[in-house]
Amino acid sequence: MKQDEGKSIVLIGFMGVGKTTAGERAARKSNRVFVDIDLEIEKKFTLPVNEIFKKHGEQAFRSIEKQLIEEHCHQSGHVLSLGGGAFMNSDTRNTCLQHTVVIFLDITWGAWLNRYKQLIDTRPLLQQKSLQEVEQLFLERRQVYAHHHGKIMMDDLSPDEAANKIIELASSKKGAVQKVSKN
Ligand SMILES: Nc1ncnc2c1ncn2[C@@H]1O[C@H](COP(=O)(O)OP(=O)(O)O)[C@@H](O)[C@H]1O
Ligand SMILES: O=C(O)C1=C[C@@H](OP(=O)(O)O)[C@@H](O)[C@H](O)C1
Ligand SMILES: [Mg+2]
């Protein structure tokens, strides 16, 4: 990687927190290339995520997801929005933490609940679960998202405000991240 281009920024967090929306804006504002991993998976299967889960199963989705993140993590100067489940894979997690600046977009359960209805049609994992089970998943995953280089609380942020914070936080973390990657 050319040092002056900088590491890519990887956005993690629970489904619906705003990784795709804020990531696209952060990339545009900072002249970086934006990659949404879900969109790349959809292009590979030529199907929406929901249909991939139905026709090919979650395992097939996770396998391509892992492969695509691995490829994109080694590019410099990009903004990558991951799907909310991608970081549960320990290989993916370690690759991202080693080669990119990982930013956790966090949200409280109460604020997330306001988005639930607008998410359910397009997020297969929400369709199979009661609200209580979704909350359990939210809490479990939050512990895994705790492995990050920086965190932004999204409750009261517009997509543009979140994008500005992502750019600011990523540039402030550059030194610390370079130190980690040398080990
Ligand atoms: N900062 C925000 N404030 C309010 N709603 C948002 C915000 N960011 C995204 N949304 C809305 O929440 C939904 C999920 O956003 P999305 O970017 O797809 O999240 P993710 O990629 O984390 O699943 C979309 O309907 C989007 O319009
Ligand atoms: O949390 C998950 O396991 C998933 C999150 C989704 O992405 P978003 O986090 O962008 O909604 C998408 O990858 C798929 O529906 C599975
Ligand atoms: Mg997304």
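Counting starts at 1 for both ligands and their atoms, in listed order.
- At least one donor-acceptor pair under 3.5 Å links the side chain of Q127 to the backbone N or O of I120.
- Here's the thing with V17: one of its N/O atoms is less than 3.5 angstrom from an N/O atom of ligand 1.
- Using the six-membered ring where Trp is involved, F14 and F138 have ring planes that are perpendicular, over 60° apart on the 30 and 60° scheme.
- With a 4.0 Å heavy-atom cut-off, ligand 1 is reached by the backbone of S158 but not by any atom from C-beta on.
- Atom 9 (C) of ligand 1 has as its closest protein heavy atom T21 OG1, 3.5 Å.
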Residue pair H78, F34: steps toward the ring-ring contact (aromatic ring centres under 6.0 Å, His included) verdict: CA-CA 6 Å; H78 291 189; F34 176 62; over 10 Å; no

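- The protein heavy-atom contact nearest to atom 1 (N) of ligand 1 is L157 O, 2.9 Å.
- Residue contact check: M15 has heavy atoms under 4.0 Å from atoms 23 (O) of ligand 1.
- At distances below 3.5 Å, at least one donor-acceptor pair connects side-chain atoms of S172 with backbone N or O atoms of L169.
- Taking a 4.0 Å cut-off on heavy atoms, L119 registers as neighbouring ligand 1.
- R62 counts as a contact of ligand 2, since one of its heavy atoms falls under 4.0 Å from the ligand.
- Distances from atom 10 (O) of ligand 2 to the heavy atoms of D36, D38, V17 put D38 nearest.
- Remark: the backbone N or O of L68 is not paired with any side-chain donor or acceptor of E40 at under 3.5 angstrom.
- Screening H74, E70, Q75 for a side chain to side chain donor-acceptor pair (under 3.5 Å) involving H72 leaves a single residue, Q75.
- A heavy-atom separation below 4.0 Å is found between P159 and ligand 1.
- Taking a cut-off of under 4.0 Å to the non-hydrogen atoms of F61, the atoms of ligand 2 that pass are 13 (O).
- Exactly one residue among V102, V17, L80 makes a side-chain contact (heavy atoms from CB on, under 4.5 Å) with I12. That residue is V102.
- At under 3.5 Å, a nitrogen or oxygen of G84, whether backbone or side chain, sits near a nitrogen or oxygen of ligand 2.
- Looking at T46, its side chain never comes within 3.5 Å of a backbone N or O of K43 through a donor-acceptor pair.
- Counting atoms of ligand 2 from 1 in the listed order, those under 4.0 Å from a heavy atom of L125 are 2 (C), 3 (O).
- Salt-bridge check for E168 with K165: failed, with every basic side-chain N at 4.0 Å or more from each acidic carboxylate O.
- Using a cut-off of 4.0 Å between Lys/Arg side-chain N and Asp/Glu carboxylate O, R62 and E58 are scored as salt-bridged.
- Among the candidates I37, D91, T95, the single residue satisfying the side-chain contact (heavy atoms from CB on, under 4.5 Å) test with K66 is D91.
- Between E65 and ligand 2, not a single N/O pair is under 3.5 Å apart.
- The residue from K19, Q118, R115, K117 that puts a heavy atom closest to atom 3 (N) of ligand 1 is R115.
- At least one heavy atom of R141 sits under 4.0 Å from some atom of ligand 2.
- Ranking protein heavy atoms by distance to atom 18 (O) of ligand 1, first place goes to R123 NH2, 3.1 Å.
- Under 4.0 Å is where a charged nitrogen must lie from a carboxylate oxygen, and between K29 and D160 at least one such pair does.
- Distances between N or O atoms of A22 and those of ligand 1 include no value under 3.5 Å.
- Checked by distance only, ligand 2 and T122 stay at 3.5 Å or farther apart across all their nitrogen or oxygen atoms.
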Side chain to side chain contact (heavy atoms under 4.5 Å, CB included) evaluation trace for L11 with V79: CA-CA 8 Å; L11 301 179; V79 176; 4.2 Å; yes

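- Using a 4.0 Å heavy-atom cutoff, G16 is listed among the residues neighbouring ligand 1.
- Using cut-offs of 30° and 60° on the angle between ring planes, the pair W112 and Y116 is tilted.
- Evaluated by nearest non-hydrogen atom to atom 15 (O) of ligand 2, the leading choice among G13, G18, A86, P124 is P124.
- Residue contacts with ligand 1 leave out E161, since none of its heavy atoms falls under 4.0 Å from the ligand.
- In terms of polar-atom proximity, defined here as any N/O pair under 3.5 Å, G85 does make such a contact with ligand 2.
- The distance from ligand 2 to the heavy atoms of V49 drops below 4.0 Å at these ligand atoms: 14 (C), 15 (O).
- If you check which protein heavy atom lies closest to atom 8 (N) of ligand 1, you get G18 CA, 3.8 Å.
- For ligand 2 and R123, the ligand atoms under 4.0 Å from any heavy atom of the residue are 11 (O).
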Criterion side chain to side chain contact (heavy atoms under 4.5 Å, CB included) on E42 and V49, from CA distance to verdict: CA-CA 6 Å; E42 288 180 334; V49 168; 3.4 Å; yes

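- Backbone or side-chain N, O or S atoms of T21 do not reach the Mg ion (ligand 3) at under 2.8 Å.
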